[in-house]
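So that the names make sense, note that chain A is the first sequence line, chain B the second, and so on, each numbered from 1. Not measured: the values here are computed from a predicted model.
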Amino acid sequence: MTQGSRLCFAVAVLMCAFVSINGVGLNDLLERASQLSDKLHSLSTSLTNDLDSHFPPVGRVMMPRPSMCHTSSLQVPNDKDQALKVPEDELLSLARSLLLAWSDPLALLSSEASSLAHPERNTIDSKTKELQENINSLGAGLEHVFNKMDSTSDNLSSLPFYTNSLGQDKTSRLVNFHFLLSCFRRDSHKIDSFLKVLRCRAAKKRPEMC
Amino acid sequence: MRNSGAMLILTFIAILILQAAGVSPPGKPRLTSCRSPEKETFTCWWEPGGDGGLPTTYALYYHLENSETVYECPDYRTAGENSCFFNKNDTSLWVNYNITVVASNALGKNISDPVEVDVVYIVQPNTPEHVTAVVVHDEQGPFVRVSWEKPRTADTRSGWITLLYQLRVKQEKDKEWEEYNAGMQKYYNVFSLHPDKEYMVQVRCKPDHGFWSEWTQTTYVKMPDYITRERSLWIMITIFFVFIVVILTWTLNVKRNSVKLCLLPAVPGPKIKGFDKQLLKSGKSEEVFNTLVIQGFPPTTDYDNLLVEYLEVFDNEEQELVLDGKDLSEDCMKSKSPSDIDSGRGSCDSHTLLLEKCMDGREGSGSNQHQYSQHGETRWASTESSESQGPEPGSPDSANGRGKTWPVVFSSPQPQPHHHYPVGAAKPAYHSVPEILNHLSPHAMSSNYHQLNHQDILQQERRFSKPACRHSQSYNQFNLDGIDTSAPGVAPSPSLEYVEVQRVNPENMLLLRPLSDPNREPEGSDCTREDYSKVKEVTSNNILLLQRDMSHQCVDDYSQADQCTTQQPPHPCKPAVHQSNSGMPQEAIRVMGNGYVDSTVLINLAPST
């Protein structure tokens, strides 16, 4: 092989590698992300239903208000018109911020799930763990999406979670668990909605899907 | 104080009066459901609790979770009676609405329980629209393609709402619907529908997280009448195989003979020469085996067969003979023991023949052809009889030892036209001895009888193990006259006369003639007095080869079948012979000096000498 041909060969290999790494289109990435977020929300909904099946009535009274969720400070569009006006990267960063905000609380939930004073404790435990895995994989996927979208700025909001424990007594722990889960359920729905908007916005080639 | 008390009393009285009149404050209303069709607006419905008899108004109030501001329902009309419609401006997502309904009438109001509602959780879209079901003809077979439109209000294009569709199909008469999930697409192909049937189709949809919509109106579709490809293939295969089967059957039918030959090869029947299958079927085995008698087989090693002995035949009472003959036949029958496997004996033992011949003989027919000697001397290679035949004169058997009797019927003196016994028939000649005796009885002198001791015969039969009925064709010269004149009444006198073998034909026939035959021709032997033929040798076939020239005198031993002691020997040789015979050690055939085969050793001579 001559030097020129060697050079061409090396370039071709590099290009192939580059394409293979970044070869997955944005559409496919967002499609995958949407599927993950859909699963996330479904899991949280079923967890909530499991908890509600044996929830003490007094707990509902004790339940903190949803505005006390740690992610309530994040400004998100409230309706469709607002949401459709938001640019994609902002939507993505919102989704990513919310996702990031829940990695710690979910860790706490999964550690506390096994000791809940609830008859469906085992199911709750397994689902919580599954939830944690999904969040991690979705976070990684959204990283790729972000990288794919070539955003100029990465304005992730920080939503810290300071609570270390759910409570002292089993009732308060149960109530706090339920409260956290309800906050997560809403936020997962937000994430899902935003990603599906992003998906349809990027899929101009397949209008039949949107 | 008094006023308040009076007011209270008045109110109380008023209430009582009102209740007596049947009016009351309204009942407590209840919010039944709130729904959002497109995640942009939503509607809530309530049911009134009871109007209390008075016109009641309802008001819906709500406040959001993060504020205390209470708003009233902006639209009571759009959604109908007892409903509140929240338009886009009033709808916020991911926010809890705290909604209450207040019913009020002239007497009071009533507040429903509060309900927390998040709009994103109460999404239920409208039904899909424009459902069409079309039959599509394909090479695989026809199927139904169902297609529809999304509900008008749902904005799936922007991705704000994602709808999943579902359709169901059934025939009119079916109870259960067949449901199919179509995903996010707006069409679906339904296969495996039965031909010539009408189907009902319905479609509904659901958001990704929400409630199912209502089913659409039924759409009807009729399947065409067709034969599935699979069924037509099976029909063709069946027809093909039926055709093949028909062809095969017809071919087999045409060639059934050769097929039969192939499948059931012919079992070769017994092809034994002389074997008659019909006889076997009739069940008379003795007749069957008669045919298997091979003349001259097997070669007997016992050379005593070759001894030609004299039998003393005497003319007993013919009745006795006849009776004896009958007894003989019966005894022959009885003696048919299973041990008589010797087929060669069959012909000789055929009692039927005996009877037949007896009958014939009595009739006086000329068919008295029982040249038993035709069977050869081998037949008479009899048996060792252990029993004494003492009372019977001329009994060939002696009391002890082995004896051989040679029931050889010798011919009458005159050369008679002999009648060849038919070779094939192989009739036992010795059985006919009584008959012969009968016939020859009137000519006691001129004819020689050989009396067969019937017992001997029986014993011979028992012990007869050699199929010796070979056709050594010697014939007897019978005195036809003697034969013809059957005089049953005449009892043959016990007279003995010796016969001699005149010559032997090339056909192995012994020409016998009595010794006293005046017509006897000299054989060219020196021994004129002794008309014996000398046995040169015994061949393997038990054939006596007689010497032509007899040079020396007949100091002879001759085989005699029975004791001739009782008889009056016409020849002096005989007693001598006879005496010399006695005491002979048992041995095989000895050829004496003058060529006679001496089988006397094998004869159990009665101590009658």
Side-chain angles (χ1 to χ4, degrees), chain A residues 30-31 34-35 37-46 48-49 60 63-69 71-86 88 91 98 182-183 185-204 206-210, chain B residues 36-42 63-69 86-98 113-123 125 147-150 153-165 182-188 205-211:
Chain A
L30 282 170
E31 177 75 35
S34 303
Q35 288 173 4
S37 65
D38 194 287
K39 180 113 188 277
L40 212 59
H41 181 69
S42 303
L43 267 173
S44 67
T45 306
S46 95
T48 307
N49 292 336
R60 299 201 187 278
M63 188 86 76
R65 302 169 68 126
S67 57
M68 293 186 65
C69 290
T71 53
S72 57
S73 61
L74 192 63
Q75 293 292 324
V76 292
N78 285 346
D79 57 14
K80 174 186 141 182
D81 296 330
Q82 289 179 23
L84 293 181
K85 285 174 188 157
V86 175
E88 295 92 12
L91 274 175
L98 283 169
S182 64
C183 289
R185 185 185 172 204
R186 178 183 285 178
D187 288 340
S188 62
H189 194 279
K190 287 178 190 173
I191 295 164
D192 188 42
S193 299
F194 298 154
L195 287 177
K196 279 173 181 170
V197 168
L198 279 175
R199 172 179 74 173
C200 276
R201 223 181 266 191
K204 294 191 174 61
R206 293 183 297 171
E208 71 277 1
M209 297 305 284
C210 291
Chain B
S36 168
E38 73 285 89
K39 215 156 69 170
E40 298 168 39
T41 65
F42 73 103
H63 69 92
L64 299 176
E65 68 183 31
N66 50 6
S67 77
E68 294 293 330
T69 315
F86 295 81
N87 58 12
K88 284 187 189 184
N89 299 329
D90 297 325
T91 305
S92 300
L93 295 171
W94 299 298
V95 170
N96 279 352
Y97 279 74
N98 194 317
D113 291 331
V115 169
E116 291 261 346
V117 172
D118 194 338
V119 177
V120 294
Y121 296 149
I122 54 164
V123 180
S147 58
W148 55 87
E149 300 285 332
K150 69 171 177 66
T153 53
D155 181 16
T156 56
R157 183 65 189 84
S158 65
W160 181 243
I161 189 168
T162 310
L163 291 176
L164 301 169
Y165 298 97
M184 286 167 64
Q185 61 195 22
K186 297 183 183 63
Y187 63 92
Y188 195 79
C205 59
K206 171 180 103 79
D208 46 4
H209 310 285
F211 300 101

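Interface residue A/Asp192: only side-chain heavy atoms are found under 4.5 Å from chain B. Interface residue A/Ser42: backbone and side-chain heavy atoms are both found under 4.5 Å from chain B. The contact between B/Ser158 and chain A is made by backbone and side chain atoms together, counting heavy-atom distances below 4.5 Å. For a residue to count as touching a neighbouring chain, one of its non-hydrogen atoms must lie under 4.5 Å from one of that chain's; by this rule B/Glu65 touches chain A with backbone and side chain alike.
At least one side-chain heavy atom of B/His209 sits under 4.5 Å from a side-chain heavy atom of A/Asp38. Here the side chains of A/Arg186 and B/Asn96 are in contact, with some heavy-atom distance below 4.5 Å. In this structure the side chain of A/Arg199 reaches within 4.5 angstrom of the side chain of B/Thr162, judged on heavy atoms.
Residues satisfying the salt bridge (Lys or Arg N to Asp or Glu O under 4.0 Å) test with B/Asp208, not counting sequence neighbours, are A/Lys196. In terms of the side chain to side chain donor-acceptor pair (under 3.5 Å) criterion, residue partners of B/Glu38 (sequence neighbours excluded) are, by chain and number, B/Thr41.
Enclosure of atom OH in B/Tyr187 is not indicated, since only 12 or fewer non-hydrogen atoms of other residues, nucleotides or ligands lie within 6.0 angstrom.
Residue B/Lys88 comes nearest to A/Asp79 through the heavy atom pair O-OD2, 4.5 Å, listed as atom of the first residue, atom of the second, then distance. What you find for A/Pro77 and B/Trp94 is that their closest heavy atoms are O-CZ3, 3.1 Å. Nearest approach of B/Gly159 to A/Cys200, heavy atoms of both residues: CA-SG, 3.4 Å.
Contacts with chain B were tallied for A/His41, A/Met68, A/Lys80; A/Lys80 has the most, counting heavy-atom pairs under 4.5 Å. Ranked by heavy-atom pairs under 4.5 Å with chain B, the list A/Ser193, A/Ala83, A/Pro66 is led by A/Pro66.
Once rounded to the nearest 0.5 Å, the distance linking NZ of B/Lys39 with NE2 of A/His189 reads 4.5 Å.
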